[in-house]
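Here's the structure we're looking at; comments come further down.
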Amino acid sequence: MVGIYPPSQVTDWLVPSRSLFLTIHVLGVACFLYIVAKRLVPLTRAERDPRFDRPLIRLGRVLKFWLGQWKHPRYKFAGTIHILVFAGFILLAARAFTVLIVGVSENFVMPGLSGRAGPIYDIVTDYAATIVFLCMVVAAIRRLVFKPARYAVPAKYGKSHTPDAVFLLGLIAILMVADSLFAASNAAGHAQRGQPVETLATLSLPWMLKIVIGSMPLATLWGLNVGAYLVHEVTFYFLLCYRPFGIQFHVETSLFSVYFSKLERGTLKPVRWGVRDEHLDQVKSFGVKTFEEFTWKHMLDFYSCADCGRCADNCPANAVGRPLSPRFITIKARDYAFQHYPVFGKANNGKPLVGNVYSEDEIWSCTTCGACEEECPLLVEYIDKIVDLRRGMIDDGNVPQSLQKPLKALESRGNPYGKMEKKRGDWAKSPEVQQSGKVKVLDGNNDADTLYFVDSITSYDDRMQSIGRATARILGSLGKNFGILGASEKDSGHEVRRFGEEMLFMALRNHNTEAIKASGVQRIVTADPHAYNALKHDYKDVPPVEHISEVLAREVRAGNVRFNRVEDEARVYAYHDPCYLGRHNQVYDDPRDVLDTIPGLKRVEMKRSRDRSFCCGGGGLMLFYEPKEEQRMGVVRVRMAAEAGANVIVTACPFCMVNIEDAIKVAGMEGKMSVMDLTEVVDQHMVRGVCDEKREELETATVGG
């Protein structure tokens, strides 16, 4: 023994080590490629999904969300651990490849690392291996001892995922130890022979292992060196081939999942990509009924889920005990894919998903609030999948009893209440509105620049009509030349579409589109975020639309709005972000800016606000659905406001107003808590005539000039 021989030069085994390691390489890579090819089989049978547009934007999202780990710090401790492990893997990639090649070519050096960069890279990767190892230990302790609630698996969803997670953490830890021991034994052997020794990073895992084994005989060091290399090889390829069988498959698929993620918020996928609306009547089946009717991107999402539980942790339906967890929407589909598209054997698919994989209540429980998608660090999509499953149920005539009546009313009357069309504009005839000017009905006899799209709930619900009146007075005070469609307006169809009734939505949309075009308006304003989202994302060829909060914020910044001071200083306001104004359309600051302009108004933030706002429970026709739940979402939200120290909840959505007002009663907080719409608060404090004054000042200045 004259020194440490490279692993490729071992000759006293049954086969030469170079041949053994080359065989391990070939078998490991071939096995991995075979497994991945089998995992891709269902994607080849899936529905089409055009995701190859705008490559530069998609690459930017990869840099931000995948490489930059943008969303992980939202959970500070777990996010930090993941960022450290991810960064460690990126840094160790070249080192791992080099170590693998050394078994067949002992003099191999990665291009670019043969000069001064080599020792620097070695020091960096020593620390990277150490940090990854420590993170594995911390993560395992966290899983086994502290057991975060979001990792728990309810009995109805099967067995705990903790053993699999800890096993994977253990494999990665072994890989780091083997890598470090290989480097440490090399350095120790060279040191004993007086040969040049590569510098090991101080206090790193290789450095500490070298101290432990440094005095061992050369023969022992050589055995440790070859043994560490063999363990590294076997563990690397075992881990590589094991990942596609569980949650770690996201290591391979997440980059592609992020690259091909949806680019537009608030939108829904069409019934079938490539089929024009006018040809939908030729489509034999709507929605998703069997696994293969998901798109290939949605199947990729199933593989990319990391099972972190962030989606379920933020899902309001899950929080109130409804039979829905976004996490298991994905995991159950992945398990189904693994079972029916096995690595060994033939595919045996064909069963309906609803009734076998998902329950009906599970799919109907979603409010489409978007909290799950907002939280997912890998941009996994849920709403499109759930809506597609609903489309499939609707296509089969499977409609919840409580929703049959409002759907029939929407079809016959254009509103879910079944009320007469000619009464849609009656709210505008009240004396409160008439005092500030008559609201024009754009029926061909009147014209206007701006359309106030009211939608059904504000038009017909007695309490919500106050939002319509306040909005009309505000627009009048701002000097807007506006009108309403009156009896010509039908429901925007926003909830209908997200419920899964695509054909009914199209009929409502087409009617409204024609009425809007006929009115000749140049812009649309609405105080309903659901109508706002529909007009902005679901309609085509209509004028640009704004929510009233955006209009108000712009006028406030221009100095066209002034407010009187709040009279009741005991009132403390908390703004509740509506899902379809906030998360789906990113309007967070405008309502707050308007409120903060009102003199003397005290405002606090709830614990869950902005993009983590807690849904009121009103989306997706939920005002008419009777879900199975332990408590109401609105009640949870009202308690959040109370915990923040508020006694007035301000929202900017009639659906939120209905649910929160009802929740205050259910929670027994009448007299202690109240709810107002943003338009009501503004209308109550707005100084009238400011726009007229500014207009006169401008005219005077123009004449004087």
Side-chain angles (χ1 to χ4, degrees), residues 427 432-433 452-455 457-458 461 463-478 480 482 524-533 545-557 560-566 568 571-606 609-610 613-616 618 634 637-638 641 644 646-661 664 673-688:
W427 61 270
E432 302 169 60
V433 178
Y452 171 31
F453 193 95
V454 189
D455 218 353
I457 188 170
T458 305
D461 186 283
R463 172 65 181 90
M464 298 310 110
Q465 287 178 353
S466 65
I467 297 176
R469 290 190 286 268
T471 303
R473 286 195 295 268
I474 289 169
L475 291 173
S477 296
L478 292 174
K480 304 296 182 184
F482 78 100
I524 305 172
V525 174
T526 182
D528 186 336
H530 296 250
Y532 171 68
N533 192 70
V545 59
E546 286 186 302
H547 187 265
I548 188 64
S549 63
E550 296 176 291
V551 176
L552 280 166
R554 184 174 61 251
E555 297 292 343
V556 165
R557 293 179 191 121
N560 295 331
V561 179
R562 290 202 299 268
F563 295 107
N564 294 309
R565 188 173 185 81
V566 171
D568 188 354
R571 287 191 157 200
V572 180
Y573 297 76
Y575 177 68
H576 162 77
D577 292 277
C579 303
Y580 275 97
L581 187 61
R583 266 191 295 269
H584 288 290
N585 286 288
Q586 302 293 285
V587 180
Y588 296 116
D589 292 326
D590 286 348
R592 288 173 169 83
D593 291 347
V594 172
L595 289 172
D596 291 343
T597 308
I598 300 174
L601 188 143
K602 300 174 186 175
R603 188 175 65 82
V604 296
E605 288 284 2
M606 287 184 268
S609 62
R610 293 183 176 267
S613 182
F614 192 87
C615 179
C616 74
R637 192 56 167 163
V638 167
N647 50 34
V648 181
I649 300 173
V650 180
T651 186
C653 172
F655 288 86
C656 296
M657 176 84 96
V658 169
N659 277 354
I660 292 175
E661 200 162 65
I664 290 171
M673 184 74 70
S674 61
V675 59
M676 299 180 71
D677 190 80
L678 177 69
T679 56
E680 294 178 315
V681 178
V682 169
D683 184 49
Q684 189 180 89
H685 296 90
M686 192 174 187
V687 177
R688 309 295 171 180

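Everything numeric in this text was worked out from a predicted model, so none of it was measured. Start at 1 with the first residue, then count along the sequence.
For Asn659, the side-chain contact (heavy atoms from CB on, under 4.5 Å) test picks out Cys616, Leu623, with sequence neighbours left out. Taking the side-chain contact (heavy atoms from CB on, under 4.5 Å) definition, one finds that Arg557 meets it with Ala553, Asp590, Asp593, sequence neighbours left out. Among residues two or more places apart in sequence or in another chain, the salt bridge (Lys or Arg N to Asp or Glu O under 4.0 Å) test is passed with Glu550 by none. By the salt bridge (Lys or Arg N to Asp or Glu O under 4.0 Å) test, Arg473 is found to be paired with Glu432, Asp683, residues two or more places apart in sequence or in another chain being considered. Checked against side-chain contact (heavy atoms from CB on, under 4.5 Å), Asn564 has the following partners two or more places apart in sequence or in another chain: Val687. Remark: Arg554 pairs with Glu546, Val551 by the side-chain contact (heavy atoms from CB on, under 4.5 Å) rule, at least two apart or across chains.
Using a cutoff of 4.0 Å between basic side-chain nitrogens and carboxylate oxygens, Arg463 and Glu680 are scored as salt-bridged.
Between Val556 and Asn560 there is no side-chain heavy-atom pair separated by less than 4.5 Å. Side chains of Phe563 and Val682 form a contact here, defined as non-hydrogen atoms less than 4.5 Å apart. Residues Arg562 and Met686 have side chains not in contact (no heavy-atom distance under 4.5 Å, counting atoms from C-beta outward). When side chains are defined from C-beta on, Val648 does not count as touching Val572, because their heavy atoms never get closer than 4.5 Å. Looking at heavy atoms from C-beta onward, Arg571 lies in side-chain contact with Asp568 at the 4.5 angstrom threshold. By the 4.5 Å heavy-atom criterion applied to side chains, Tyr575 and Arg610 are not counted as neighbours. Using a 4.5 Å cut-off on side-chain heavy atoms (C-beta onward), Asn647 and Tyr573 make no contact. Val587 is listed as a side-chain neighbour of Ser549, based on a closest heavy-atom distance under 4.5 Å.
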Determine whether Val650 and His576 satisfy the following criterion, side-chain contact (heavy atoms from CB on, under 4.5 Å), listing intermediate values before the conclusion. CA-CA 6 Å; Val650 180; His576 162 77; over 6 Å; no
Evaluate the criterion side-chain contact (heavy atoms from CB on, under 4.5 Å) for residue pair Ile474 and Leu552; output intermediate values, then yes/no. CA-CA 9 Å; Ile474 289 169; Leu552 280 166; 3.7 Å; yes
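Put simply, the side chain of Asp528 gets close to the backbone of His530: a donor and an acceptor are under 3.5 Å apart. A side-chain donor-acceptor contact under 3.5 Å links His547 to the backbone of Ala652. Without hydrogens or angle criteria, Asp677 side chain to Cys653 main chain gives a donor-acceptor distance under 3.5 Å. A distance-only check finds a donor-acceptor pair linking the side chain of Ser613 to the backbone of Asp577 [under 3.5 Å].
For the atom pair CG (Leu601) and NE2 (His685), the distance works out to 7.0 Å, reported to the nearest 0.5 Å. With rounding to the nearest 0.5 Å, the separation of CD1 in Ile548 from CD in Glu555 is 9.0 Å. In this structure, Thr651 OG1 and Met676 CE are separated by 12.0 Å, a value rounded to the nearest 0.5 Å. We find the CZ-CE distance between Phe655 and Met464 to be 10.5 Å, quoted to the nearest 0.5 Å. The structure places CG of Leu581 at 9.5 Å from CG of Asn533, a figure rounded to the nearest 0.5 Å.
Heavy atoms only, all atoms of each residue included: Cys615 and Arg583 are closest at N-NH2, 4.4 Å. What you find for Ala472 and Trp427 is that their closest heavy atoms are CB-CZ3, 4.1 Å. When all heavy atoms of Tyr452 and Ile467 are compared, the closest pair comes out as OH-O, 4.1 Å. Across all non-hydrogen atoms, the minimal contact from Thr526 to Phe453 is OG1-O, 2.9 Å. Nearest heavy-atom pair, Met673 versus Ala646, reported as atom, atom and distance to 0.1 Å: CE-O, 3.3 Å.
Screening Thr471, Val594, Thr458 for a side chain to side chain contact (heavy atoms under 4.5 Å, CB included) involving Thr679 leaves a single residue, Thr471.
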